[in-house]
Amino acid sequence: MMISQPLKLFLLFFICITLICLSLSSSIPTQYSILGPNLDKLPSQDEAIQLFQLWSKEHGRVHKDLKETAKRFDIFLSNLNYIIESNAKRSSPSGNLLGLNNFADWSPIEFQEIYLHGHDAHRQWPKAEYCTFILRLEE
């Protein structure tokens with residue numbers, strides 16, 4: 001059985017497009033997050049502040065005062081710690097990868113009250129552990 005030239009070209013084109021799509025799909029988890037898969041430990045205080053400032057700018061966060069900024073930073077760090085610990089427990093590179101999304105400065109309780117309408121989530125969320133970092137304001 002002979003396959004015509006146009007059919008061979010179509011099959012070759014289809015295979016190439018499929019391979020390109022598959023190779024690009026591996027970047028999907030990080031395109032929605034500023035946290036890529038290479039962050040495997042909690043950053044230093046300075047790195048955490050820079051990451052929070054970058055994340056806040058990217059998501060348009062403006063806080064009303066320093067107290068609110070400090071609260072959001074503490075929640076951000078708690079969520080970042082949860083993300084790093086969860087990603088470290090992945091059993092394979094193709095497993096779920098968590099990252100910083102637009103809810104990274106929300107506590108699990110805030111998210112639950114607004115989006116789950118007070119229903120208990122099936123997941124046990126970590127208790128927020130507040131860190132004692134001092135925020136430096138940029139002048």
Reported CD-to-CD1 distance for the pair E47 and I49, which is rounded to 0.5 angstrom | 10.5 Å

Heavy-atom nearest pair, G99 first then I83, reads O-CD1, 3.4 Å

Just by distance, do the side chain of R61 and the backbone of N102 share a donor-acceptor pair under 3.5 Å?
-> yes

State the CD-CG distance between E85 and L80, to the nearest 0.5 angstrom.
-> 10.0 Å

Which atom pair, heavy atoms only, marks the closest approach of P43 to I84?
-> CD-CD1, 4.2 Å

State, to 0.1 Å, how close L77 and A48 come at their nearest heavy-atom pair, and which atoms those are.
-> CD2-CB, 3.6 Å

Spacing of L98 atom CG and R90 atom CZ [to the nearest 0.5 Å] | 9.0 Å

To the nearest 0.5 Å, tell me how far F103 CZ sits from I114 CD1.
-> 8.5 Å

Can you see which heavy atom on N79 is nearest to which on W106, and at what distance?
-> ND2-O, 2.9 Å

Could I get the full list of side chain to side chain donor-acceptor pair (under 3.5 Å) partners for Q50, not counting sequence neighbours?
-> none

Nearest heavy-atom contact between N87 and N96 is OD1-O, 4.1 Å

Within 6.0 angstrom of D65 CG, more than 12 heavy atoms from elsewhere = yes

Decide yes or no for H63 and D105: does some side-chain heavy atom of the first lie under 4.5 Å from some side-chain heavy atom of the second?
-> yes

Who are the salt bridge (charged side-chain N to carboxylate O under 4.0 Å, His left out) partners of E110, not counting sequence neighbours?
-> R72

Return the orientation label for the F73 and F52 ring planes: parallel under 30°, perpendicular over 60°, tilted otherwise.
-> perpendicular

